[in-house]
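What follows is a set of notes on a single structure, which appears directly below.
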Amino acid sequence: MSERSLIVEEQAWEALEKSIIYYQGRPIGTVAARDADIAALNYDQCFLRDFISSALIFLIKGRNDIVRNFLEETLKLQPKTGQLESFKPSRGLMPASFKIGSINGREYLKADFGNHAIARVAPADACLWWIILLRAYVISTQDTALVERKDFQEGIRVSLELCLVTRFDMYPMVLVPDGASMIDRRMGLYGHPLDIQSLFYAALRASIELLTPNQENQNIIQAVHSRLDPLLKQLRENYWLDSDRLNVIYRFQVEEYGEEVLNQFNIYSDSIPFYRLAKWLPEAGGYLAGNLGPSQLDCRFFALGNLMAIISSLADEQQSHKILNLIELRWSDLIGHMPMKLCYPALEDMEWRIITGADPKNRPWSYHNGGSWPVLLWMLTAAAKKMDRGELAHHAIAIAERRLIEDHWPEYYDGPDGRLIGKEARKYQTWTIAGYLLAKELVLNPTHLKLITFET
Ligand code: GLC
């Protein structure tokens, strides 16, 4: 390892240690960011999705206590009753974040289910990440006693019930409002966004491993099994975009009625940016579209959903390679000066105005709208290593390493090529730090991939 690499890693570890939150004397999570120069807002809280990167690196380093404490304490925050009460978090919902409060000198955990968040967005990804992390914990520690506990089994069950419940929906995907994931602002992601579907698929696969086959779990296990196949089929077929698929969509019939129709979603050819895509999408590349619904196929590329699709084997072998080919062949668009773009391309002009609600934080090529997020480095590394394409990971890590330490570990970067530190980016953002450490570790010792990957 180069001397520079060593220095970057050493500083990253130091910064990660400082981000740990202690509750009643025990480590239970990490704060989102430690930036003294900008108002903390809720960045001084532990976000469930942000903690995943920290948790995985802690597991790899044998710091199991913090992950166990996190899983136990967040489980206690999850409502187990109250399905029909309004203005209360739903049964099974996991909070987006929590912080430590104190009454008469006694500490307690205060959860935010979206009831305090900007725009009051509730997280759909938190319970999915929680299940995925629980599986990683069990694989890493072999502590099956924890997952077999009644409260843990119940926690998995109620999360799944929340996702599997029949709503006003005819699809196998999970139906969520806009802003229900890492992209927690309006970005045209209402309905069936890929980022959530990839996590949903991984969480369903994880649940099969985690649920004890007994009387109490019988129905839910059955429900998971019967959802997995149609979900997989729908995602692999109807979200998939490559040259062949573009040809099919281009000539789609519309207004078809019945069970066997090809254009199930009634996608109108004119809604697809064919000429841009035909130029951009290399013959050897492909990816899963960002969202799918009635007369809607969102052709933006979303990194988290696509990378997690590779990691979870939601994408088949050929699709996984095509996604990586796309990243390799469109490197300057998707990686540029900082791995990697959260979504591509940015919404601009009228589209930005209408779809984001003219959100200035998400103006074109900034933040969620075409900004670059270093946390994605670990997912890119895991996906590339899983498919034996390690050179992509090495190359991306080398790019990140050149800047992260000098720039003080920003939350995100701006600009079409990711050259600018994000306009409102926090510095010392924990998942940037942990994501870098995790990427390095996965390259050094790919056996750790088993914590997060699923077999085909
Ligand atoms: C922002 C991000 C969200 C993240 C949070 C804390 O709200 O959009 O994904 O969890 O910051 O870092």
Side-chain angles (χ1 to χ4, degrees), residues 15-16 19-21 29-35 38-56 70 74 93-99 111-130 132-133 176-189 193-196 198-199 302-305 307-308 340-343 346-347 356-357 359-363 366-379 404 408-414 421-436 438:
L16 184 61
S19 74
I20 296 176
I21 303 181
T30 47
V31 289
R34 282 179 44 260
D35 184 345
I38 310 186
L41 297 179
N42 52 356
Y43 281 83
D44 57 354
Q45 304 202 11
C46 176
F47 280 72
L48 271 66
R49 69 174 73 87
D50 294 41
F51 184 66
I52 303 303
S53 328
S54 308
L56 292 171
F70 169 88
T74 45
L93 193 69
M94 280 280 181
S97 64
F98 62 83
K99 65 177 176 187
D112 183 359
F113 292 90
N115 39 345
H116 305 280
I118 294 165
R120 302 288 181 264
V121 282
D125 61 341
C127 66
L128 304 173
W129 275 123
W130 187 88
I132 295 167
L133 178 61
V176 297
D178 212 341
S181 66
M182 170 177 179
I183 298 178
D184 50 4
R185 299 167 85 94
R186 192 173 147 201
M187 268 282 285
L189 298 178
L194 176 71
D195 284 0
I196 289 288
S198 283
L199 295 178
F302 285 85
L304 187 147
L307 296 174
M308 284 306 291
M340 83 173 274
K341 284 266 173 275
L342 187 55
C343 101
L347 298 166
T356 72
D359 182 350
K361 196 164 176 184
N362 269 338
R363 69 192 197 294
S366 185
Y367 198 44
H368 303 136
N369 186 16
S372 306
W373 290 65
V375 61
L376 296 168
L377 184 63
W378 81 257
M379 293 183 215
L404 287 178
H408 306 292
W409 311 99
E411 178 186 14
Y412 66 96
Y413 286 78
D414 282 352
I421 297 176
K423 200 177 189 63
E424 292 182 49
R426 299 299 191 280
K427 304 274 176 80
Y428 295 96
Q429 179 82 19
T430 304
W431 65 2
T432 298
I433 300 165
Y436 164 75
L438 187 52

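Just so you know, ligand 1 is whichever comes first in the structure, and atom 1 is the first atom listed for that ligand.
For the ligand labelled ligand 1, residue Gln45 lies outside the 4.0 Å heavy-atom shell. The shell of residues lying under 4.0 angstrom from ligand 1, judged by heavy atoms, excludes Arg426.
Considering both main-chain and side-chain atoms, Ser181 never comes within under 3.5 Å of ligand 1 through any nitrogen or oxygen pair.
Between Leu438 and Ser53, the closest heavy-atom pair is CD2-O, 3.9 Å. Between Ser366 and Tyr412, the closest heavy-atom pair is OG-CE1, 4.1 Å.
Within ligand 1, counting atoms from 1 as listed, the ones closer than 4.0 Å to a heavy atom of Ala32 are 6 (C), 12 (O). Each of the atoms 1 (C), 2 (C), 7 (O), 8 (O) of ligand 1 lies under 4.0 Å from some heavy atom of Tyr367. For ligand 1, the atoms lying closer than 4.0 Å to a non-hydrogen atom of Gln429 are 12 (O).
The residue from Leu128, Ile52, Thr74, Leu48 that alone fulfils the side chain to side chain contact (heavy atoms under 4.5 Å, CB included) condition with Leu133 is Ile52.
Applying the side-chain hydrogen bond (donor to acceptor under 3.5 Å, both in side chains) rule to Tyr367 yields no partners; only residues at least two apart in sequence or on another chain are considered. For the side-chain hydrogen bond (donor to acceptor under 3.5 Å, both in side chains) test, no residue two or more places apart in sequence or in another chain qualifies with Asn369.
Closest protein heavy atom to atom 7 (O) of ligand 1: Asp184 OD2, 2.7 Å. Scanning the protein heavy atoms around atom 5 (C) of ligand 1, the nearest turns out to be Phe47 CE2, 3.8 Å. Of all protein heavy atoms, the one lying nearest to atom 9 (O) of ligand 1 is Met182 O, 2.6 Å. From the protein, the heavy atom lying nearest to atom 6 (C) of ligand 1 is Asp50 OD2, 3.2 Å. Of the protein's heavy atoms, Tyr43 OH, 3.4 Å lies nearest to atom 11 (O) of ligand 1.
Under the 4.5 Å side-chain criterion, counting only non-hydrogen atoms from C-beta, Met182 is not in contact with Asp195. A heavy-atom distance below 4.5 Å is not found between the side chains of His408 and Ile421.
Checked against the 6.0 Å centroid criterion, the rings of Trp431 and Phe47 do not qualify as a close aromatic pair.
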